[in-house]
Engineer: 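I have a structure I would like to understand better, so I am pasting it below and will then ask my questions one at a time.
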Number of protein chains: 2
Amino acid sequence: MLADPSRAAMVLALMDGRPRSAKKLALDAGVTAQTASAHLRKLVDANMLVWQGQGRSKYFRLTGADVAQAVEALSIIDVQRALPAAARELRFARCCYDHLAGRLGVALTEHLLRPGNTVLRDLGIELAALESSRRPLFRCCTDWTERRPHVAGALGAALLRRYMDERWLATVDGSRKLVVTPAGRSAFARFFALAPTFYAPD
Amino acid sequence: MLADPSRAAMVLALMDGRPRSAKKLALDAGVTAQTASAHLRKLVDANMLVWQGQGRSKYFRLTGADVAQAVEALSIIDVQRALPAAARELRFARCCYDHLAGRLGVALTEHLLRPGNTVLRDLGIELAALESSRRPLFRCCTDWTERRPHVAGALGAALLRRYMDERWLATVDGSRKLVVTPAGRSAFARFFALAPTFYAPD
DNA sequence: GGAACACTTCGGCCGCCGCCGAACAGTTTG
DNA sequence: CAAACTGTTCGGCGGCGGCCGAAGTGTTCC
């Protein structure tokens, strides 16, 4: 299913968890609308995508975080074998479905797990509100570039939402890549005790 | 690369980490020798397999545990979407490259991580000897069927080797599936405090 | 109503790629 | 040495599947 370049492009475009219209996905993949339609049908039949009609448009998104996780696992093979410069930035920070992944995601998670930390309280994240949601509160998502865990699930999604709302992270031209804003640097330093040297290239 | 059924069959046949000749792999995939030759060439070019000549034969094996891990991640999608009865047994115990995976692998790992356990000493596993090997001693390999970690790396390989040497586990008709022998049941009960109810079908 | 738009279905083209038969190269066995 | 065996290269066949143009359905907007 993912072996076809057009389908792969569509799925990768959806990896941020936000829905996209069929037309947008056709443009992303560089094919005509009717070709995209056939591909999207197959992806839906394979239970990888779901869609929702809205007016005359059809909005597609990944079926769930598990699909994103599997795709993550796959893309790593390519990334590690031939690593272009652009991919290095992707390794630093990217969104994986609806939460933060990459070196930054791992680092923030590690601080979150440190005994005695008060990050959630400091940020005003209400665990009670999250617990009422249907999805699991906390899920450990292994980061395939770092081989270390980062936080997913409802909490992971809530954290990323907060980072974006506060403008600590910004998306880059609609891709999955994320960059840290100046405000983000100071916020991560304050709340997560992230050293300035963390941002130095490896 | 894995989208082709013949190549997938070959790679799956190699998932136990042991090398196989080109002829054997051709039989596994159900194609002629010359077709297999072309596929194997591609897999080697893609850095997924390496080979070693021995006499007039060529023995292929996976490049490393990371390839096996990625393939594991992939196969789970299929398994979870349409689960035939045969796959259920695969979920219980299978070898992942060179270590134990599945429910059993996860359970044994959990006991190994329990504070105060003496499993390694009881089994006479020499950590010092393993530390001298080139590969990392301990690696955490996420089990995609269980979504929980199991032990990989040099220690994981040493443990599986021990299980096999002691005839606690047995391979099934050359597949990745493993079954627990009667001796294995009592051994796992003694060393890992594994309850008899563990073997009950879920 | 008609025009613009999003998506789908149909038909046919084209190219890639997996497949095999045949022939060839290197190794082992007698 | 010949015979047997493993793996490779070459050539050609065949089919699956991705691609697009054209036409059709449903929706929105004026």
Side-chain angles (χ1 to χ4, degrees), chain A residues 1-14 16 18-63 67 71 74-75 77-78 81-82 174, chain B residues 1-15 18-63 67 71 74-75 77-78 81-82 174:
Chain A
M1 203 51 60
L2 293 167
D4 175 73
S6 300
R7 281 194 295 269
M10 294 181 183
V11 170
L12 287 176
L14 290 169
D16 62 1
R18 281 193 302 239
R20 277 166 205 274
S21 72
K23 183 170 188 66
K24 180 88 175 60
L25 291 170
L27 288 174
D28 286 335
V31 293
T32 59
Q34 58 276 32
T35 301
S37 177
H39 284 311
L40 291 169
R41 178 186 180 79
K42 291 184 185 182
L43 288 167
V44 169
D45 287 346
N47 283 328
M48 296 182 65
L49 301 185
V50 291
W51 61 273
Q52 195 176 358
Q54 183 170 320
R56 57 190 169 190
S57 292
K58 241 168 138 173
Y59 283 86
F60 293 83
R61 59 179 174 81
L62 297 186
T63 300
V67 174
V71 174
L74 256 193
S75 45
I77 304 187
D78 279 0
R81 301 210 173 272
Chain B
M1 202 50 64
L2 292 168
D4 176 73
S6 301
R7 281 195 294 269
M10 295 180 183
V11 170
L12 286 176
L14 290 169
M15 279 292 286
R18 280 192 304 238
R20 279 166 148 71
S21 72
K23 184 170 189 63
K24 180 87 173 60
L25 291 169
L27 287 175
D28 286 335
V31 294
T32 59
Q34 55 280 31
T35 300
S37 177
H39 284 310
L40 291 170
R41 179 188 180 79
K42 292 183 185 182
L43 287 167
V44 169
D45 287 345
N47 284 328
M48 296 183 66
L49 302 185
V50 292
W51 61 272
Q52 194 177 359
Q54 182 170 323
R56 58 188 167 190
S57 292
K58 240 167 138 175
Y59 284 87
F60 292 83
R61 60 180 173 81
L62 297 187
T63 300
V67 175
V71 174
L74 255 193
S75 44
I77 304 187
D78 280 1
R81 302 211 173 271

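All chains are named by letter (A, B, ...) in the order of the sequence lines, taking the proteins before the strands, and each is independently numbered beginning at 1. In this text, all values refer to a predicted model and were calculated from it rather than measured experimentally.
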Engineer: Quick one: closest heavy-atom pair of B/A22 and B/L40, and the distance?
Structural biologist: CB-CD1, 3.8 Å

Engineer: Looking at every heavy atom in both A/N47 and A/T63, which two are closest together, and how far apart are they?
Structural biologist: O-OG1, 2.8 Å

Engineer: Supply the atom-to-atom distance B/R20 CZ to B/L49 CG, rounded to the nearest 0.5 angstrom.
Structural biologist: 12.0 Å

Engineer: For residues 2-11 of chain B, which residue pairs qualify under salt bridge (charged side-chain N to carboxylate O under 4.0 Å, His left out), counting only residues two or more places apart or in two chains?
Structural biologist: none

Engineer: May I ask you to say what A/T35 touches in the nucleic acid, namely base, sugar-phosphate or nothing, with a heavy-atom cut-off under 4.0 Å?
Structural biologist: base

Engineer: Rounded to the nearest 0.5 Å, how far apart are CE of A/M10 and CG of A/L62?
Structural biologist: 13.0 Å

Engineer: Dump the pairs, protein N or O against N or O of nucleotides 8-16 of chain C, anything under 3.5 Å, distances to one decimal.
Structural biologist:
from  : atom 1 : to    : atom 2 : distance (Å)
C/dT8 : OP1    : A/K58 : NZ     : 2.6
C/dT8 : OP2    : A/S37 : OG     : 2.6
C/dT8 : O5'    : A/S37 : OG     : 3.3

Engineer: With sequence neighbours left out, what residues match A/S37 under side chain to side chain contact (heavy atoms under 4.5 Å, CB included)?
Structural biologist: none

Engineer: Quick check: do A/M48 and A/L2 have side-chain heavy atoms less than 4.5 Å from each other?
Structural biologist: yes

Engineer: Which pair of non-hydrogen atoms, one from A/P19 and one from A/Y59, has the smallest distance, and what is that distance?
Structural biologist: CB-CB, 4.1 Å

Engineer: DNA chain D: A/V31 or A/G55, which has the more 5' nearest nucleotide?
Structural biologist: A/V31

Engineer: Expressed in angstrom and rounded to an integer, what is the separation of B/H39 atom NE2 from C/dC17 atom C1'?
Structural biologist: 9 Å

Engineer: So which heavy atom on B/R61 is nearest to which on B/L14, and how close?
Structural biologist: CA-CD2, 4.2 Å

Engineer: How many whole angstroms separate atom NZ of A/K24 from atom P of C/dC5?
Structural biologist: 18 Å

Engineer: Are A/L43 and A/F60 packed together at the side-chain level, in the sense that at least one heavy-atom pair is separated by less than 4.5 angstrom?
Structural biologist: no

Engineer: Between B/T32 and C/dC20, is there a contact of a side-chain N or O with OP1 or OP2 at under 4.0 Å?
Structural biologist: yes

Engineer: Name the first nucleotide and the last nucleotide along DNA chain D (5' to 3') that come under 4.0 Å of a heavy atom in chain A.
Structural biologist: D/dG18 to D/dT28

Engineer: Specify the separation, in whole Å, of atom CG of A/L43 and atom P of C/dC7.
Structural biologist: 15 Å

Engineer: Could you list the donor-acceptor pairs under 3.5 angstrom formed by side chains in residues 23-31 of chain B, with sequence neighbours left out?
Structural biologist:
from  : atom 1 : to    : atom 2 : distance (Å)
B/K24 : NZ     : B/D28 : OD1    : 3.3

Engineer: Expected output is a numbered-order residue list: members of residues 5-12 of chain B with a heavy atom under 4.0 Å from any atom of DNA chain C. What is it?
Structural biologist: B/S6, B/R7

